[in-house]
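So the structure is just underneath, and the comments pick up after that.
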Protein chains: 2
Amino acid sequence: MAKKPEIPHVVVSRLPIYLRALEHARQEGLTCISSQELGERLSISSAQIRKDLSMFGEYGKQGRGYPVDALIHALRQHLHVDRVWDVVLVGVGDLGHALARYKGFAERGFRIAMAFDKDPAKIGTTAGDLTVEDIRLLARRVQEAGIKIGMIATPAAAAQEVANLLVFAGVRAILNYAPIHLTVPNDVRVEYLDPVIPLQRMTYYL
Amino acid sequence: MAKKPEIPHVVVSRLPIYLRALEHARQEGLTCISSQELGERLSISSAQIRKDLSMFGEYGKQGRGYPVDALIHALRQHLHVDRVWDVVLVGVGDLGHALARYKGFAERGFRIAMAFDKDPAKIGTTAGDLTVEDIRLLARRVQEAGIKIGMIATPAAAAQEVANLLVFAGVRAILNYAPIHLTVPNDVRVEYLDPVIPLQRMTYYL
DNA sequence: GCCGGCTTGTGCAAATTTGCACAAGGAGAC
DNA sequence: GTCTCCTTGTGCAAATTTGCACAAGCCGGC
Ligand SMILES: NC(=O)c1ccc[n+]([C@@H]2O[C@H](COP(=O)([O-])OP(=O)(O)OC[C@H]3O[C@@H](n4cnc5c(N)ncnc54)[C@H](O)[C@@H]3O)[C@@H](O)[C@H]2O)c1
Ligand SMILES: NC(=O)c1ccc[n+]([C@@H]2O[C@H](COP(=O)([O-])OP(=O)(O)OC[C@H]3O[C@@H](n4cnc5c(N)ncnc54)[C@H](O)[C@@H]3O)[C@@H](O)[C@H]2O)c1
């Protein structure tokens, strides 16, 4: 039931990275991988990986390592990506277009099911294999479809308003590309993808 | 001289977020802001903010808070974004195009100065106000221009190869959009922007 | 069947990170 | 000038996170 107290968020935040690396390893034909091998590929200590994985069960075989297929399957289950999540995209400008056409979501558990924009010139046009819809229809459409995940690719000035709308429509997780912090209820999660933030983190060391 | 031992990376990693929030506050006309006010805007404790900022000097005025302009200026200096950094973009597909046209870099210290691709059909075309160049010219051009920051927007299969090339050309910081971990020398920094990672972090809680 | 070589899972200690709580001090009212 | 209000900067304690080191155990070889 209560998951957060059991598994610290730092651990959860590393799981998708393990999963991605394991899927690469599988593509290379590996059937079994040790925590050391995985650690070297990810620049993470092997102890860290073992401890993280052990919080979910004992998947490893002593002497061999972790069976790749089984571990991928288990991680997908724990991350709840052993299914496909519908996602609603808001803002179909340059970035929104690229996202709508991006093939990388489908393989990894996500499908952009709807796209909305405010601009009448955009509404009705196509992006990827979607037709851009009027933002005013968002609440009803998202509610009816039961969509729980939203992606914001509007200008920063509109992002909070869009976030409010998404929350109202029942969205519980938001991926925000706009360079602004969002204020949302406690039971809604937000992740940020402003490319300038990591750039500035790196220039500190240059 | 030695900065890493002095300022922990967790602290550095929050500075760009403070900076972004302060710039928003300035746009709203604020000239002074308390750690509490800033903390509420960012969902960070005020003590955290005070402690972080105090590592760089005493910018606050007791009873008032922090002068917005001066703090912005100071943070920019510490992050080394009190200047404009040239960036090299590799891979001008859907995402690369959006990045090349993105106006949000210039205001915050970055300028995409060159763009390269491998595809002959792309070379010579324009993206934003850049002309796409042949990847084979990258090493020389980047070296001559002294560019230290690279952005990778190629498919994952090409990313490591591109990273090697960038490092060879003198790049010391890489922003990687491809969904794959890169192996680079110790003195080169990499940050990752795979949108599926934060999505999977959120579905854990859904 | 037994041995040697690896690798897991984990108790414990070290290191890092966060948060509390308060003395010190600036600003404005009067 | 003095009093009150508010906020900073920080010592210290709590909580979290990482890493070490090793007993336990699986596997393949002989
Ligand atoms: N372009 C990039 O490469 C890039 C990279 C990182 C982050 N971003 C951020 O992503 C966001 C979008 O960037 P972009 O370059 O695509 O901008 P854009 O101007 O090309 O597109 C923004 C879109 O949002 C729509 N929009 C505006 N207000 C809206 C509202 N209230 N409801 C619904 N739709 C609305 C606009 O009609 C437009 O189609 C910005 O916040 C930007 O800072 C962009
Ligand atoms: N499109 C998106 O919204 C999006 C979002 C997040 C991440 N990504 C990631 O960003 C990367 C690019 O995505 P995209 O949708 O733009 O793909 P794309 O296929 O449209 O573009 C990739 C570009 O890279 C070029 N390229 C290939 N190999 C190269 C090499 N060795 N050197 C130089 N250029 C090379 C190709 O010619 C092409 O122009 C992918 O790794 C993708 O997973 C894309």
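Within every chain, numbering begins at 1; the chains are lettered A, B, ... in the order of the sequence lines, protein sequences first and strands thereafter. Keep in mind that this is a model prediction, so the values were computed, not measured. The figures here come from the full heavy-atom set of this structure, side chains too, leaving out hydrogens, waters and symmetry mates.
- Comparing B:L53 and A:V10, the nucleotide of DNA chain D nearest to each residue sits closer to the 5' end for B:L53.
- Between A:S45 and the phosphate of D:dT18, there is no side-chain N or O to OP1/OP2 separation shorter than 4.0 Å.
- Atom-to-atom, CD1 of B:I44 to P of C:dC20 comes out at 15 Å; the value is rounded to the nearest Å.
- Atom CG of B:D52 and atom P of D:dT8 are 13 Å apart (whole Å).
- In this structure, CG of B:L38 is placed 13 Å from P of D:dG9, rounded to the nearest angstrom.
- Contact of the A:V196 side chain with the A:P179 side chain is not registered, since no non-hydrogen atoms from C-beta on lie closer than 4.5 Å.
- The distance from atom CD of B:E58 to atom P of C:dA23 is 18 Å, rounded to the nearest whole Å.
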Quick one: which protein N/O atoms are closer than 3.5 Å to N/O atoms of nucleotides 5-7 of chain C? Pair and distance per line, please.
residue, atom, partner, partner atom, Å
C:dT7, O4', A:G63, N, 3.0

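- The residues A:D134 and A:R141 are annotated as not salt-bridged, no charged nitrogen and carboxylate oxygen being separated by less than 4.0 angstrom.
- For A:K51 and C:dG9, a side-chain-to-base donor-acceptor distance below 3.5 Å is absent, hydrogens and geometry of angles not being considered.
- For the pair A:V11 and B:Y59, nearest-nucleotide mapping onto DNA chain D gives the more 5' position to B:Y59.
- Each end of the helix from C:dG1-D:dC30 to C:dC30-D:dG1 yields a helix axis from five base pairs, and these two axes differ in direction by 20° (to the nearest 10 degrees).
- A:I7 has its CD1 atom 14 Å from the P atom of D:dT16, to the nearest Å.
- Classification of B:R50 and B:E58 as a salt-bridged pair fails, no side-chain N sitting under 4.0 Å from a carboxylate O.
- Ion pair A:E28/A:R41 flagged as a salt bridge, since at least one NZ, NE, NH1 or NH2 atom sits closer than 4.0 Å to an Asp/Glu carboxylate oxygen.
- In this structure the side chain of A:L193 reaches within 4.5 angstrom of the side chain of B:P198, judged on heavy atoms.
- Regarding B:E40, its CD atom lies at a distance of 10 Å from the P atom of D:dT7, rounded to whole Å.
- Annotation: ring-ring contact (aromatic ring centres under 6.0 Å, His included) contacts involving residues 136-188 of chain B, sequence neighbours excluded, comprise B:H181-B:Y192.
- Here D:dT10 presents its P atom at 14 Å from CZ of B:F56, a figure rounded to the nearest Å.
- A heavy-atom distance below 4.5 Å is found between the side chains of B:Y205 and A:H9.
- Nearest heavy atom pair, residue B:R14 against residue B:D52, reads NE-OD2, 2.6 Å.
- Computed from coordinates, the B:I49 CD1 to D:dT10 P distance equals 16 Å when rounded to whole Å.
- A side chain to side chain contact (heavy atoms under 4.5 Å, CB included) with A:V171 holds for exactly one of A:V188, A:L165, A:V184, A:L166; it is A:L166.
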